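Working notes, beginning with the structure itself.
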2 protein chains.
Amino acid sequence: MIRVVLVDDHPVVRSGIRAMLAGQPDVELVGEAATGEDGVELARRLAPDVVLMDLQLGAGIHGSEATRRIVALGGPRVLVLTTFDTDADILAAIDAGATGYLLKDAPSDDLHTAIRSAAAGSSALAPSVASRLLGRVRAPDTTLTPRELEVLGHVAAGLGNRQISREMFLSETTVKTHLVHIYAKLGVDSRTAAVAAAIRKGLIRPS
Amino acid sequence: MIRVVLVDDHPVVRSGIRAMLAGQPDVELVGEAATGEDGVELARRLAPDVVLMDLQLGAGIHGSEATRRIVALGGPRVLVLTTFDTDADILAAIDAGATGYLLKDAPSDDLHTAIRSAAAGSSALAPSVASRLLGRVRAPDTTLTPRELEVLGHVAAGLGNRQISREMFLSETTVKTHLVHIYAKLGVDSRTAAVAAAIRKGLIRPS
DNA sequence: GCTGGAATACACCTTTTGTACGATGTGGCG
DNA sequence: CGCCACATCGTACAAAAGGTGTATTCCAGC
């Protein structure tokens with residue numbers, strides 16, 4: 001029997017996960033918490049096999065910080081739950097020692113298999129997302145320089161080259177040069193396509 | 001018995017709402033949909049009393065657009081589900097005829113009372129949103145036509161005008177005409193700025 | 001049966017953007 | 001020191017996008 005603790009600030013999500021796990025004979029939901037602090041405390045006290053951790057907790061410590069503390073306990077594996085796979089802090093959670101991550105809109109089968117492989121200690125990420133994550137982390141040359149990222153941010157904000165040049169105290173030519181490099185690295189050939197690609201890869205945050 | 005249809009792209013959320021409604025004697029969940037299109041179709045066919053509508057649907061039409069179409073049917077009341085009450089498009093949903101809105105992190109009691117008051121025809125707006133509604137002057141026509149939304153979606157995907165024209169079986173000039181209208185409605189003057197504005201207003205999905 | 005929005009389409013012109021050559025300076029590193 | 005990535009600027013040209021004006025069709029609403 002795999003003992004699971006769930007940490008999520010949304011009652012709806014907790015209820016949904018609870019319902020999804022209810023039908024599983026080899027999984028038992030032993031505790032729920034709405035905040036990171038409570039989650040850490042619960043993990044310490046109940047020593048579950050797996051902790052399902054939401055990243056965007058409304059109040060208190062962030063999910064990745066809670067993950068770090070739970071991993072430090074030594075026992076439980078942490079599976080990160082997140083709404084968007086474009087989320088930049090998935091990497092932070094992995095870095096904090098999360099065993100894997102799951103999209104909240106994943107079908108319930110993915111949830112079950114992910115829990116089981118996490119409990120089994122396999123540090124492999126969920127199959128459906130593993131390739132995407134790996135592709136993002138070690139993609140060929142998607143490493144934009146700081147300056148290029150800055151330019152890309154302004155492009156995504158809808159600024160033209162001249163506006164960007166003024167904003168960054170550059171000549172328009174330099175902005176263009178940066179853009180050429182950005183296009184090459186992202187494999188696109190227009191500013192709008194670059195924004196689309198950057199959002200898809202989580203290089204910039206849409207807001 | 002209040003008949004309810006649920007529209008949300010997240011299986012976890014659907015499962016959670018379903019579990020929350022299961023214990024209610026006077027509420028019956030008669031249908032679920034994962035996309036706006038399916039939701040509209042379901043509302044048309046089942047003629048429920050209340051439709052629970054998520055705003056951020058992963059693919060297809062936006063929740064506010066689905067709300068508009070369902071309200072146009074005449075029968076069902078639409079109760080909007082949203083993750084953050086800072087969401088800009090709550091107003092769009094209210095404008096589209098939603099009876100009220102509900103935060104996803106609301107306790108289950110709130111959900112039940114909101115459903116009942118929606119079914120009774122009275123609107124359930126949280127104070128914070130109500131005040132913002134009062135303080136806001138009528139936004140100048142940000143309602144894009146379906147065709148314009150379609151064009152905007154392709155623009156956000158990074159396509160050029162010619163590619164869009166081929167994709168939609170149009171002439172390039174027609175695409176341009178649509179874009180001119182889109183720019184006017186969004187208050188911008190370039191395709192990239194339009195994408196930025198559309199993402200900020202939740203008109204299109206980033207990913 | 002008229003009005004008006006939506007969708008379609010074109011011409012003409014200006015501005016912006018992308019591309020293709022360059023070029024210089026700086027800082028880190030083997 | 002020499003190499004290289006990064007950042008900076010230039011000119012010139014081609015392609016794409018944006019701006020303005022006009023026009024037709026269709027369909028819904030008054």
Side-chain angles (χ1 to χ4, degrees), chain A residues 138-198 203, chain B residues 40 44 61-62 64-65 68-74 95-97 138-198 203:
Chain A
R138 48 195 67 150
D141 255 9
T142 35
T143 45
L144 299 183
T145 68
R147 211 60 173 155
E148 287 164 355
L149 262 181
E150 202 176 341
V151 170
L152 184 56
H154 285 125
V155 170
L159 300 184
N161 290 344
R162 186 164 306 155
Q163 292 170 286
I164 297 175
S165 73
R166 283 179 190 147
E167 196 77 26
M168 294 177 65
F169 304 103
L170 295 176
S171 84
E172 205 176 325
T173 318
T174 307
V175 176
K176 285 187 176 185
T177 307
H178 284 311
L179 279 176
V180 168
H181 295 154
I182 292 171
Y183 296 161
K185 287 180 178 176
L186 295 182
V188 299
D189 57 359
S190 82
R191 61 204 299 104
T192 318
V195 171
L203 296 178
Chain B
V40 173
R44 198 190 55 72
I61 63 175
H62 194 258
S64 59
E65 174 58 25
R68 189 181 313 279
R69 298 187 190 175
I70 290 175
V71 168
L73 295 175
D95 186 60
R138 193 113 187 89
D141 214 6
T142 44
T143 48
L144 299 182
T145 68
R147 209 63 172 155
E148 287 164 356
L149 263 180
E150 201 175 341
V151 171
L152 184 56
H154 284 125
V155 170
L159 301 184
N161 290 344
R162 186 165 305 157
Q163 292 171 287
I164 297 174
S165 73
R166 283 180 191 146
E167 195 78 24
M168 295 177 65
F169 304 102
L170 295 175
S171 83
E172 204 176 324
T173 48
T174 305
V175 175
K176 283 188 175 184
T177 308
H178 283 311
L179 280 176
V180 168
H181 296 153
I182 291 172
Y183 296 160
K185 287 179 178 177
L186 294 182
V188 299
D189 58 358
S190 81
R191 60 206 296 104
T192 320
V195 170
L203 295 177

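What you see is a predicted model; the values in this text were computed from it and never measured. Residue numbering restarts at 1 for every chain, and letters A, B, ... go by the order of the sequence lines.
Atom P of nucleotide C:dA11 and atom NZ of B:Lys176 are separated by 11 Å, given to the nearest angstrom. To the nearest angstrom, C1' of D:dA16 lies 11 Å from CD of B:Gln163. Going from atom CD of A:Glu172 over to atom C1' of C:dT19 covers 14 Å, rounded to whole Å. Whole-Å rounding puts the B:Arg162 CZ to D:dG18 C1' distance at 15 Å. When rounded to the nearest whole Å, the span between NE2 of A:His178 and C1' of C:dT17 equals 16 Å. Atom C1' of nucleotide C:dT19 and atom CD1 of A:Ile182 are separated by 15 Å, given to the nearest angstrom. Atom-to-atom, NE2 of B:His154 to P of D:dA17 comes out at 14 Å; the value is rounded to the nearest Å. For the pair A:His181 NE2 and C:dG22 P, the interatomic distance rounds to 14 Å; values are reported in whole Å.
Nearest nucleotide to the B:Tyr183 side chain, out of D:dC6, D:dG18, C:dA9: D:dG18. With C:dA7, D:dA7, C:dT8 as the candidates, the nucleotide lying closest to the side chain of B:Leu170 is C:dT8. The side chain of A:Ser171 has D:dC9 as its nearest neighbour among D:dC9, C:dG18, C:dT16.
Contact detail for A:Ile164 and A:Val151: the closest heavy-atom pair is CD1-O, 4.3 Å. In terms of heavy-atom proximity, A:Gly158 sits nearest to B:Ala196 at N-CB, 4.3 Å. In plain terms, the two heavy atoms of A:Thr145 and A:Lys185 that are nearest each other are CG2-NZ, 3.8 Å. A pairwise comparison of heavy atoms in A:Ala194 and A:Tyr183 identifies CB-CE2, 3.8 Å as the closest pair.
Of the two residues near DNA chain C, A:Thr173 and A:Leu159, the one whose nearest nucleotide lies more 5' is A:Leu159.
Not a single donor-acceptor pair under 3.5 Å links the side chain of A:Arg166 to the backbone N or O of A:Glu172. Counting only distance, with no hydrogens or angles, the side chain of A:Thr177 and the backbone of A:Thr173 share a donor-acceptor pair below 3.5 Å.
Within the structure, every side-chain polar atom (N or O) of B:Asn161 is placed at least 4.0 Å from both OP1 and OP2 of D:dA16. Neither OP1 nor OP2 of D:dC6 sits under 4.0 Å from any side-chain N or O of A:Thr145.
The base of D:dC9 sits within donor-acceptor range of the side chain of A:Thr177, with an N or O pair under 3.5 Å.
For the segment residues 188-196 of chain A, the set of residues with a heavy atom within less than 4.0 Å of an atom of DNA chain C comprises A:Asp189, A:Ser190, A:Arg191, in numerical order.
Between A:His178 and A:Thr174, the closest side-chain pair of non-hydrogen atoms falls below 4.5 Å.
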